[in-house]
Protein chains: 2
Amino acid sequence: MDIQNTQSQMRKGVLEFCILSIIQQGEVYPSDIVEKMKLANLHILEGTLYPLLTRLKNAGLLNYRWVESISGPPRKYFVMTEEGKAAFEVLLKTWNEMTSAVNQLTQVTNPISTSEATAS
Amino acid sequence: MDIQNTQSQMRKGVLEFCILSIIQQGEVYPSDIVEKMKLANLHILEGTLYPLLTRLKNAGLLNYRWVESISGPPRKYFVMTEEGKAAFEVLLKTWNEMTSAVNQLTQVTNPISTSEATAS
DNA sequence: CACAATACATTGATTTACAATATATTATAT
DNA sequence: ATATAATATATTGTAAATCAATGTATTGTG
């Protein structure tokens with residue numbers, strides 16, 4: 001167990017969120033996603049991406065259409081479903097709440113003021 | 001596969017980071033950690049926490065000392081090693097870089113208002 | 001001495017990212 | 001035509017980690 005492992009875990013946690021976000025911004029095929037993720041320093045491999053896209057498609061969050069390519073086999077271009085857009089909004093809220101909570105937990109200069117810290 | 005799964009993944013990714021942060025802020029025993037995580041809406045179970053603390057201890061990031069309790073068996077109070085403090089600084093940097101990247105990727109136009117994050 | 005409360009710890013199942021490899025399509029060279 | 005290279009989708013086997021359930025141990029109380 002080393003730090004790199006923990007860093008890797010951090011990135012894993014947001015993979016689906018980021019990929020949904022990329023697809024929401026416009027139709028893309030898998031290689032586009034790999035490229036955009038790499039630009040954000042969030043590397044993802046094809047062996048990870050294809051099963052993930054299949055899971056999201058089966059869950060009803062994504063759809064795809066075949067598009068002919070001028071230089072190779074046809075590509076699967078992915079788009080968000082309405083359900084996918086709604087799911088992304090929920091995840092965006094979760095992301096903002098979680099980063100806020102983690103920032104409070106990890107970057108406090110004062111002890112956590114738990115005014116509501118009564119028993120469970 | 002549903003949204004709750006993805007939300008859960010997000011939280012998993014920052015578990016070790018948050019736990020190191022809690023221990024860095026002061027000696028705690030496992031139940032303290034569970035409680036503090038719950039207050040941050042980042043729930044962790046004992047079956048997850050004990051192996052995780054053992055991993056961090058074996059990796060040289062943590063140490064512990066036994067402390068007698070007035071109402072039950074003795075407790076393991078955990079403290080950071082120097083190596084652990086250094087590792088936490090690295091993870092803090094990773095966290096800030098990653099959140100910045102994800103926020104750019106997801107095109108968050110409004111900064112999170114709850115923290116005074118002016119870092120990096 | 002039995003029982004409850006507290007605390008540390010392990011086991012088995014499930015999930016999932018990754019590395020390696022497989023399958024399929026198109027264009028180019030010979 | 002056929003072989004080869006490039007591009008693209010897809011699967012398999014392995015390893016790591018969380019979780020639910022359960023186990024072990026210590027202390028105090030009736």
Side-chain angles (χ1 to χ4, degrees), chain A residues 1-20 23 27-38 42-59 62-78 98 119-120, chain B residues 1-20 23 27-38 42-59 62-78 98:
Chain A
M1 214 233 60
D2 51 349
I3 297 180
Q4 292 180 340
N5 189 350
T6 304
Q7 292 175 313
S8 173
Q9 277 180 277
M10 271 192 197
R11 294 194 175 93
K12 283 182 192 174
V14 295
L15 276 189
E16 288 185 9
F17 174 53
C18 290
I19 285 163
L20 284 175
I23 295 171
E27 272 187 310
V28 285
Y29 79 108
S31 292
D32 288 333
I33 297 176
V34 170
E35 191 65 20
K36 286 175 189 289
M37 291 292 280
K38 191 186 294 178
L42 298 159
H43 302 266
I44 187 171
L45 301 181
E46 292 186 335
T48 302
L49 184 57
Y50 282 99
L52 196 158
L53 289 171
T54 300
R55 287 203 303 275
L56 295 173
K57 200 266 181 185
N58 291 340
L62 298 180
N63 256 322
Y64 63 81
R65 62 188 185 93
W66 287 102
V67 175
E68 300 293 321
S69 167
I70 53 164
S71 63
R75 301 165 175 176
K76 269 188 178 177
Y77 273 79
F78 285 86
M98 193 199 73
S120 51
Chain B
M1 215 232 60
D2 51 351
I3 297 179
Q4 292 180 342
N5 189 349
T6 304
Q7 292 175 313
S8 173
Q9 277 180 276
M10 270 191 197
R11 294 194 176 92
K12 282 183 194 175
V14 295
L15 278 190
E16 287 184 10
F17 175 52
C18 290
I19 285 163
L20 284 175
I23 295 171
E27 271 187 309
V28 285
Y29 79 108
S31 292
D32 288 333
I33 296 176
V34 170
E35 191 65 21
K36 286 176 189 289
M37 291 291 279
K38 191 185 293 176
L42 297 159
H43 302 266
I44 187 171
L45 301 180
E46 292 188 333
T48 303
L49 183 57
Y50 282 100
L52 195 158
L53 290 170
T54 300
R55 286 203 306 275
L56 294 173
K57 199 267 182 184
N58 291 339
L62 299 181
N63 256 321
Y64 65 80
R65 62 188 186 95
W66 288 101
V67 174
E68 300 293 322
S69 167
I70 54 164
S71 63
R75 300 165 175 175
K76 268 187 179 177
Y77 273 79
F78 285 85
M98 194 200 72

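Note on naming: letters A, B, ... go to the chains in the order of the sequence lines (proteins, then strands), and numbering restarts at 1 for each one.
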Participant: For P74(B), enumerate each residue passing the side chain to side chain contact (heavy atoms under 4.5 Å, CB included) test, keeping only those at least two apart in sequence or located in another chain.
Facilitator: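 P74(B): side chain to side chain contact (heavy atoms under 4.5 Å, CB included) contacts with W66(B), E68(B).
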
Participant: What is the separation between atom OH on Y29(B) and atom P on dC8(C), rounded to the nearest whole Å?
Facilitator: 7 Å

Participant: To the nearest angstrom, how far is E16(B) atom CD from dT18(D) atom C1'?
Facilitator: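 For the pair E16(B) CD and dT18(D) C1', the rounded distance is 11 Å.
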
Participant: Separation of I44(A) atom CD1 from dA17(C) atom P, in whole Å?
Facilitator: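 Whole-Å distance recorded here is 7 Å.
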
Participant: Mark up nucleotides 21-30 of chain C, 5' to 3', with B wherever a protein heavy atom is under 4.0 angstrom from a base atom, S wherever such an atom reaches only the sugar-phosphate, and - elsewhere.
Facilitator: ----BSS---

Participant: For the pair made of CG in L56(A) and P in dA10(D), what is the distance, rounded to whole Å?
Facilitator: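 In whole Å, dA10(D) P and L56(A) CG are 14 Å from each other.
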
Participant: Taking all non-hydrogen atoms of both residues into account, name the closest pair between L62(A) and K57(A) and its distance.
Facilitator: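 Looking at all heavy atoms of both residues, the closest pair is O-CG, 3.6 Å.
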
Participant: In terms of side-chain heavy atoms of L45(A), which of dA19(C), dA10(D), dT16(C) is nearest?
Facilitator: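 Output: dA19(C).
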
Participant: Among dA17(C), dA9(C), dC19(D), which nucleotide has an atom closest to any side-chain atom of Q9(B)?
Facilitator: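 The closest nucleotide is dA17(C).
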
Participant: Can you figure out which of dA7(C), dA9(C), dT18(D) approaches the side chain of T48(B) most closely?
Facilitator: dT18(D)

Participant: Quick check for you: among dC18(C), dT15(C), dC8(C), whose closest atom lies nearest to any side-chain atom of N5(B)?
Facilitator: dT15(C)

Participant: Any heavy-atom pair between the side chains of S69(A) and Y29(A) that's under 4.5 Å?
Facilitator: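 No, too far: nothing below the 4.5 Å cut-off.
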
Participant: Begin with the C-alpha distance, continue with both residues' side-chain angles, and end with the deciding distance and a verdict on side chain to side chain contact (heavy atoms under 4.5 Å, CB included) for M98(A) and R11(B).
Facilitator: CA-CA 7 Å; M98(A) 193 199 73; R11(B) 294 194 176 92; 4.2 Å; yes

Participant: With sequence neighbours excluded, what pairs up with Q7(A) under the side-chain hydrogen bond (donor to acceptor under 3.5 Å, both in side chains) test?
Facilitator: T94(B)

Participant: Measure from the side-chain N and O atoms of T54(B) to the backbone N and O of Y50(B), and report whether any donor-acceptor pair falls under 3.5 Å.
Facilitator: yes

Participant: Please confirm whether the shortest side-chain N or O distance from R55(B) to OP1 or OP2 of dT18(D) is below 4.0 Å.
Facilitator: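 Affirmative; the distance criterion is met.
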
Participant: Starting from C1' on dC8(C), measure out to NZ on K57(B) and report it in whole angstrom.
Facilitator: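 For the pair K57(B) NZ and dC8(C) C1', the rounded distance is 15 Å.
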
Participant: In whole angstrom, what separates M10(B)'s CE from dT16(C)'s P?
Facilitator: 14 Å

Participant: Drop me the distance from L52(B)'s CG to I19(B)'s CD1, to the nearest 0.5 angstrom.
Facilitator: 4.5 Å

Participant: Find the distance K12(A):NZ to dA15(D):P and express it as a whole number of Å.
Facilitator: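 Taking atom P of dA15(D) as the reference, NZ of K12(A) is at 14 Å.
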
Participant: Between atom CG in L15(A) and atom C1' in dT16(C), what is the gap in whole Å?
Facilitator: 10 Å

